[in-house]
Amino acid sequence: MLLSLTLIALVAAGLLAAVYNVTKDPIELAKATKQAEAKMAVLPHTQGEVLIKEGEQVDGVSIYKAYAGDELLGAAVETQENGFGGTFKIMVGFDKNGAITGYQVLEHQETPGLGSKMDEWFKTDKNRQNVIGLNPGQCNLTVSKDGGDVDAITAATISSRAFLLSITKAYNAYMSNKLEAVSGATTLSAAENENNENKED
């Protein structure tokens with residue numbers, strides 16, 4: 001019996017390792033593609049070429065600054081926070097003054113139908129849900145239950161608090177480092193930028 005169990009365990013381990021090796025690269029590619037698409041989708045839209053810098057790491061936050069020539073347009077900032085169900089990651093865009101231009105949820109483990117609504121809730125023009133256009137430095141970007149300016153997701157206050165905290169963290173990292181010079185930038189063409197705008201609409 002011991003020999004049988006050992007053989008079963010070895011076969012199962014081998015199968016898991018094989019599946020991992022086969023799926024590892026496609027999974028990583030899918031994550032990288034989703035990140036790139038989110039980065040471009042949340043950035044401020046403009047005509048002409050946009051230069052996107054390589055990510056800068058600031059306190060665990062990745063900042064991708066966008067430029068038109070030498071002019072800073074804003075940035076896409078990737079950050080993460082612990083929600084109700086676990087760690088989630090978002091990409092949030094800011095203009096050069098710090099106003100929120102968009103966001104996308106990259107990963108989450110929040111409860112379906114509750115915290116998972118963060119993907120759309122905070123973009124919806126209803127009551128005080130929408131955070132697009134708000135500047136965290138000029139408003140109280142916390143839930144209204146805590147005296148803030150934003151309505152929490154119904155029955156998901158913990159997830160909502162974490163989501164708004166992640167945006168505030170992204171904002172603080174961006175504003176403290178937004179005057180860095182242009183270097184290591186990649187180019188986003190006007191056509192790609194316009195295509196992203198159409199997709200977002």
Q.
Please tell me whether Val143 and Leu114 are part of a single hydrophobic cluster in this structure, the criterion being side-chain heavy atoms less than 4.5 Å apart.
A. no
Q: Could you tell me whether the side chain of Asn130 and the main chain of Ile132 form a donor-acceptor pair under 3.5 Å?
A: yes
(Q) Within the 4.5 Å heavy-atom criterion, are Glu81 and Phe88 side-chain neighbours or not? (A) yes
Q.
Looking at every heavy atom in both Gln80 and Lys89, which two are closest together, and how far apart are they?
A. OE1-CE, 3.2 Å
Q: Drop me the distance from Gln104's CD to Lys123's NZ, to the nearest 0.5 angstrom.
A: 5.5 Å
(Q) Consider side-chain contact (heavy atoms from CB on, under 4.5 Å). Of Val150, Thr142, Asp146, which one does Arg161 pass it with? (A) Asp146
Q: Find out if a path of hydrophobic residues (ILVMFWY) with successive side-chain heavy-atom gaps under 4.5 Å connects Val58 to Leu165.
A: no
Q) Per the ring pair (Phe, Tyr, Trp, His ring centres under 6.0 Å) rule, which among Trp121, Phe84, Phe122 passes with Phe163? A) Phe122
Q.
With a 3.5 Å distance limit and no angle check, can you tell me whether Tyr174 reaches the backbone of Asp95 through a side-chain donor-acceptor pair?
A. yes
Q) So among Lys145, Lys126, Arg128, which one has a salt bridge (charged side-chain N to carboxylate O under 4.0 Å, His left out) with Asp151? A) Arg128
(Q) Quick check: closest heavy atoms across Leu73 and Pro44, and the distance to 0.1 Å? (A) O-CG, 3.6 Å
Q: Measure from the side-chain N and O atoms of Thr101 to the backbone N and O of Val42, and report whether any donor-acceptor pair falls under 3.5 Å.
A: yes
Q. Shared ILVMFWY cluster between Ile167 and Ile158, side chains joined below 4.5 angstrom?
A. no
Q: With sequence neighbours left out, write down each residue that passes side-chain hydrogen bond (donor to acceptor under 3.5 Å, both in side chains) with Thr157, or none if nothing qualifies.
A: none
**Q.** Distance-only donor-acceptor check, side chains Asp149 and Asn140, under 3.5 Å
**A.** no
Q: Would you mind reporting whether Leu43 and Ile52 have side-chain heavy atoms less than 4.5 Å apart?
A: yes
Q: Report yes if the side chains of Glu71 and Lys96 come closer than 4.5 Å at any heavy-atom pair, otherwise no.
A: yes
(Q) Please check this pair: side chain of Asp59 against backbone of Ala173, looking for a donor-acceptor N/O pair closer than 3.5 Å. (A) no
Q | Beyond-backbone contact of Val77 with Tyr64, side-chain heavy atoms, under 4.5 angstrom | A | no
Q) Under 3.5 Å, side chain of Lys65 to main-chain N/O of Asn177, donor-acceptor pair present? A) yes
Q: For residues Ala99 and Gly133, report the shortest heavy-atom separation together with the two atoms involved.
A: CB-O, 3.9 Å
Q) Which heavy atom in Pro136 sits nearest to a heavy atom in Phe94, and how many Å separate them? A) CG-CE2, 4.3 Å
(Q) Working to the nearest 0.5 angstrom, can you tell me the gap between Glu120 CD and Gln129 CD? (A) 11.0 Å
**Q.** Atom pair CD1 (Ile100) and CG (Asn135), whose distance is rounded to the nearest 0.5 Å
**A.** 7.5 Å
Q: For Val61 and Ala170, work out which heavy atoms get closest and say how close.
A: CG1-CA, 4.4 Å
**Q.** Side-chain heavy atoms of Glu56 within contact of Ser62, under 4.5 Å
**A.** no
Q) What pairs with Thr124 under side-chain hydrogen bond (donor to acceptor under 3.5 Å, both in side chains), at least two apart in sequence or on another chain? A) none
Q: Mind listing the closest non-hydrogen atom pair of Glu110 and Gly85 along with its distance?
A: OE2-N, 3.0 Å
Q | Pairwise distance CD(Glu78) to CD1(Ile63) - rounded to 0.5 angstrom | A | 11.5 Å
(Q) Does Lys53 qualify as a cation-pi partner of Tyr67, given the criterion of NZ or CZ under 6.0 Å from the six-membered ring centre and within 45 degrees of its axis? (A) no
Q.
Return the OG1 to CD distance between Thr87 and Glu107, rounded to the nearest 0.5 Å.
A. 9.5 Å
